[in-house]
**Student:** 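Structure incoming, see below.
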Amino acid sequence: MFVAVAKVRIIMQQNDSLKDKRRVLSSMTQRLRAKFNVAVAEVELQDVWRQAVLGIVTVSSSPSFVRESLDTVVRFIEGNFPVEVAAVTIDVF
C-alpha cells in the first residue's frame with residue numbers, strides 16, 4: 001500500500017475576509033473530494049484571509065498512481081479555482 005501526501009500552499013488575492021476564504025475553500029474541498037476521491041483539509045494558516053495550506057491525501061497499491069493522482073489534483077486546482085498555487089510538496093510513503 002502506498003500513501004501520497006500533498007501540501008499545497010495557495011494564495012487568494014480576491015478575499016477580503018475569512019468568510020470569503022471559507023467559501024472558496026469549502027467549494028474547493030467538496031469538488032476535490034467528489035472528483036478525485038481524496039481526503040482534503042486546511043492544515044495551516046487558518047486565520048489568514050488570503051492564504052491557505054491544504055493537505056491532500058490518497059492511497060493506492062501503485063506508487064506511480066498516487067503520485068500522478070495528486071499531480072492531477074494540483075493541476076485541477078490551478079485551472080478551476082480563483083487561486084494561485086504558490087508551493088507544492090508531494091511525498092509518497
Side-chain angles (χ1 to χ4, degrees):
M1 172 175 65
F2 295 92
V3 178
V5 179
K7 188 174 178 181
V8 182
R9 184 182 193 112
I10 59 175
I11 299 171
M12 300 167 280
Q13 292 294 337
Q14 78 287 357
N15 289 352
D16 292 323
S17 67
L18 283 175
K19 188 175 182 179
D20 289 343
K21 176 184 178 178
R22 299 286 177 249
R23 182 181 42 77
V24 171
L25 291 180
S26 177
S27 170
M28 184 182 301
T29 57
Q30 288 175 3
R31 287 182 63 191
L32 293 176
R33 288 176 182 146
K35 185 170 182 68
F36 298 103
N37 195 27
V38 294
V40 182
E42 183 181 7
V43 295
E44 293 178 22
L45 304 175
Q46 287 90 346
D47 293 330
V48 178
W49 294 1
R50 294 189 171 140
Q51 294 185 44
V53 178
L54 298 179
I56 306 169
V57 180
T58 189
V59 178
S60 177
S61 60
S62 166
S64 60
F65 179 78
V66 292
R67 175 67 191 210
E68 290 171 17
S69 294
L70 291 185
D71 286 338
T72 302
V73 168
V74 172
R75 284 193 304 274
F76 184 80
I77 291 170
E78 291 172 329
N80 293 282
F81 297 99
V83 301
E84 173 189 339
V85 175
V88 177
T89 58
I90 299 177
D91 296 311
V92 178
F93 303 98

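Here the structure is a predicted model, which means the values were calculated and not measured.
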**Student:** Apply the side chain to side chain contact (heavy atoms under 4.5 Å, CB included) test between V8 and each candidate in T89, V88, I90; give the one that qualifies.
**Tutor:** V88
**Student:** Using side-chain heavy atoms (C-beta onward) and a distance below 4.5 Å, is M1 in contact with V59?
**Tutor:** yes
**Student:** Quick one: salt bridge (charged side-chain N to carboxylate O under 4.0 Å, His left out) pairs with a partner in residues 56-68, sequence neighbours left out?
**Tutor:** R67-D71
**Student:** Take atom CZ of F81 as the centre, draw a 6.0 Å sphere, and report whether it contains more than 12 heavy atoms from other residues, nucleotides or ligands.
**Tutor:** yes
**Student:** In the single-linkage hydrophobic clustering (I, L, V, M, F, W, Y; side-chain heavy atoms under 4.5 Å), do V5 and V66 co-cluster?
**Tutor:** no
**Student:** Of all heavy-atom pairs between A86 and I11, which one has the smallest distance, and what is that distance?
**Tutor:** CB-CD1, 3.8 Å
**Student:** Do N37 and T58 come within less than 4.5 Å of each other through their side chains, counting heavy atoms only?
**Tutor:** no
**Student:** Would S64 and S62 count as having a side-chain donor-acceptor pair, cut-off 3.5 Å?
**Tutor:** yes
**Student:** Looking at residues at least two apart in the chain, or sitting in another chain, which of them share a ring pair (Phe, Tyr, Trp, His ring centres under 6.0 Å) with F36?
**Tutor:** F76
**Student:** Pairs under 3.5 angstrom only: tabulate donor-acceptor contacts from the side chains of residues 40-55 to other protein residues two or more places apart or in another chain.
**Tutor:**
from : atom 1 : to  : atom 2 : distance (Å)
E42  : OE1    : R22 : NH1    : 3.0
E42  : OE2    : K21 : NZ     : 2.9
E44  : OE2    : K7  : NZ     : 2.8
Q46  : NE2    : E42 : O      : 3.4
R50  : NE     : Q13 : O      : 3.3
R50  : NE     : N15 : O      : 2.7
R50  : NH2    : N15 : O      : 3.1
R50  : NH2    : D16 : OD1    : 3.1
Q51  : OE1    : R9  : NE     : 3.2
Q51  : OE1    : R9  : NH2    : 2.7

**Student:** Side-chain contact test, heavy atoms from C-beta onward, threshold under 4.5 Å: evaluate it for M12 versus D20 and give yes or no.
**Tutor:** no
**Student:** Does I56 reach the side chain of I77, with side-chain heavy atoms less than 4.5 Å apart?
**Tutor:** yes
**Student:** Can you find a pair of side-chain heavy atoms, one from I10 and one from L25, that are under 4.5 Å apart?
**Tutor:** yes
**Student:** Let me check something: do F65 and V92 share a hydrophobic cluster, defined by ILVMFWY side-chain heavy atoms less than 4.5 Å apart, either directly or through other members?
**Tutor:** no
